[in-house]
Protein chains: 2
Amino acid sequence: MRKPPITIEDSKVPRLPSERPGPEGGKRDANRRQQVARICEAALELFCAAGVESVTIDDIVSKAGVAKGSFYRYFQGKEELVDALFSPVADRMREALATCELDMKQARGPSELTRVYGSLGLAVAGIIAANLGVLRLYLQESRGPDLGSRKPIVALSRDLEETAFELTRVAREHGLLRTDYDYRLGTLVSIGAIERLLAAYLAGELFTESTDIAGELIRVILDGIRAATPQA
Amino acid sequence: MRKPPITIEDSKVPRLPSERPGPEGGKRDANRRQQVARICEAALELFCAAGVESVTIDDIVSKAGVAKGSFYRYFQGKEELVDALFSPVADRMREALATCELDMKQARGPSELTRVYGSLGLAVAGIIAANLGVLRLYLQESRGPDLGSRKPIVALSRDLEETAFELTRVAREHGLLRTDYDYRLGTLVSIGAIERLLAAYLAGELFTESTDIAGELIRVILDGIRAATPQA
DNA sequence: AAATATAATGACCAAATCGTCACTGTTTTC
DNA sequence: GAAAACAGTGACGATTTGGTCATTATATTT
């Protein structure tokens, strides 16, 4: 348990040494992007293989073929790097959920509910298909302690869960869900099931076609909704 | 990523310095048990709070109020300590699943299947109720990389999953399950849902009574089975 | 092309961590 | 009670790690 150094809350990633120089299409700009990309790519692989906490800065720069000083030019430390890896994905996910929530508020009747969940599923599938490495890391780390460099991952996990609860709550208000029932249970069941199936799929444990997996997911979620419906 | 030292595969925990001395009811015996207990207790708390990989031997001995040399008298290192924490629970789980598998082989018809799953659920509930700390650690670590001191946890996770698959397979052969369907999907859904609900419950996120949670779990598992039943 | 601004580098330091061991304390045996 | 076996201790050396910085290399501006 290496004691974390005192850090000053700071701006976004990648970090600006003082201020980014003017020209944007220039060689500097390209080099910078390349350095950051190299670091991120190497880090993601290492994180997936050994876990965020176990990977050292030396491991990362060594694999990335970059000097240690360069790393600290772009990132304050591992936590900021992790945040940089997750930020874009997190944004897209939040966006998809927000859209879904709007849809949900206009939904009328059970069939509309199903349609709304369906289009959320499509959106999410697109996001994760484009970010398999990050997804894998997420599944691996999101239940760990909310400390150190894992913080951004756990924060995302909590955020998504919260939004999923909210979504179910809206569905209950606008749909036909019972109120004597803790709607979070069904939500948690869905999240757990989805994550477990995805993990198995990514690990190559399943020989099932992804369409079949999708079918199973739909079944789980619909069952979850149905259970919250007045004696369907 | 500290390189692991070369270790010789060795016998069980707790470790014998040369050979344990004769008398069993004596003071020595009591002291040894107390040392081991102190270490395990402190370690479990720290592991839950910060994650197995982040906790150092110094943290553990400091919290346990024990000298570092004493730690190494009883354990070869962190991995062996983790194994010592999980071994008893793992044994009881395997036992419960084995019993269930025998039951399952004698089950006839859907109602019997339900009964068999029910009694497995009771057995498992008893085990985890008596080992909440270990359960929490399991949920937190079981999806991490299979390296270092996390190994025993991941190994248990894989083992349990394998057995759960086997159980479903037996149910399919003896019950009425479709064969054109990857029976592992339903199993994974159940595992994921159970684990997620337990994690939320342990984290105190749920104000639901544990009986209601149990009801939700039963629903999930039965739905999982039903889905594998010829067009119920 | 010279001057300036920005970026990359890796040797270096301090702190942390592991695992050992010579020594002291305690229990058992004779 | 003396001797022998076992257990507990924490200082120590070796290694690893995070983070810095003077120096060198590269890009941009003049």
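Chain A is the first sequence line, chain B the second, and so forth, proteins listed ahead of strands; every chain is numbered from 1. From a predicted model like this one, the values you see are computed outputs, not experimental measurements.
- Across the interface with DNA chain C, nearest-nucleotide mapping of A:Gln35 and B:Asn31 shows A:Gln35 to be the residue nearer the 5′ end.
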Go through it in stages, so that I can follow the logic: the residues are B:Arg158 and B:Glu161, the test is salt bridge (Lys or Arg N to Asp or Glu O under 4.0 Å), and I'd like the CA-CA distance, side-chain angles, deciding distance and then a yes or no.
CA-CA 5 Å; B:Arg158 300 218 167 122; B:Glu161 181 179 302; over 6 Å; no
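- When each of D:dG18, D:dA7, C:dA7 is scored by its nearest atom to the side-chain atoms of B:Arg73, the top-ranked nucleotide is D:dA7.
- Residue A:Ile57 contributes atom CD1, which lies 17 Å from atom P of D:dT16 at whole-angstrom precision.
- Not a single donor-acceptor contact under 3.5 angstrom links the side-chain atoms of B:Arg28 to the base of C:dT28.
- We find that NZ of A:Lys78 is positioned 6 Å from P of D:dG18, with the value rounded to whole Å.
- If you find the closest nucleotide of DNA chain D to A:Gly69 and to A:Val55, the one lying nearer the 5' end belongs to A:Val55.
- Distance B:Leu81 CG to C:dG19 C1': 15 Å, rounded to the nearest Å.
- Of the candidates D:dG19, C:dT28, C:dG19, the closest approach to any side-chain atom of A:Lys68 belongs to D:dG19.
- At whole-Å resolution of the value, CD in B:Gln34 and P in D:dC6 are 21 Å apart.
- Summarising the local packing, CD of A:Glu166 is surrounded by more than 12 heavy atoms from other residues, nucleotides or ligands at distances under 6.0 Å.
- Nearest-nucleotide assignment on DNA chain C puts the 5′-proximal partner with A:Ser70, out of A:Ser70 and B:Asp59.
- The side chain of B:Thr56 approaches C:dC18 more closely than any other nucleotide in the set C:dC18, D:dC6, D:dG18.
- Here C:dA7 presents its C1' atom at 13 Å from CZ of A:Arg38, a figure rounded to the nearest Å.
- Of the candidate nucleotides C:dT28, D:dT9, D:dT20, D:dT20 has the atom nearest to the side chain of A:Tyr72.
- Put simply, the side chain of A:Leu81 reaches to within 4.5 Å of the side chain of A:Ile60, judged on heavy atoms.
- B:Glu79 places its CD atom 16 Å from the C1' atom of C:dC18, with the value rounded to the nearest Å.
- Of the residues B:Arg150, B:Lys151, B:Arg136, the one that meets the salt bridge (Lys or Arg N to Asp or Glu O under 4.0 Å) test with B:Glu141 is B:Arg150.
- In this structure, OH of A:Tyr74 is placed 17 Å from C1' of D:dT20, rounded to the nearest angstrom.
- One interatomic measurement links the two molecules: CD1 of B:Ile39 to C1' of D:dG8, which rounds to 11 Å at whole-angstrom precision.
- Within 6.0 Å of the CZ atom in A:Phe165, the count of heavy atoms belonging to other residues, nucleotides or ligands exceeds 12.
- For A:Ala67, counting side-chain heavy atoms from C-beta on, the closest listed nucleotide (C:dT9, D:dT26, C:dC18) is C:dT9.
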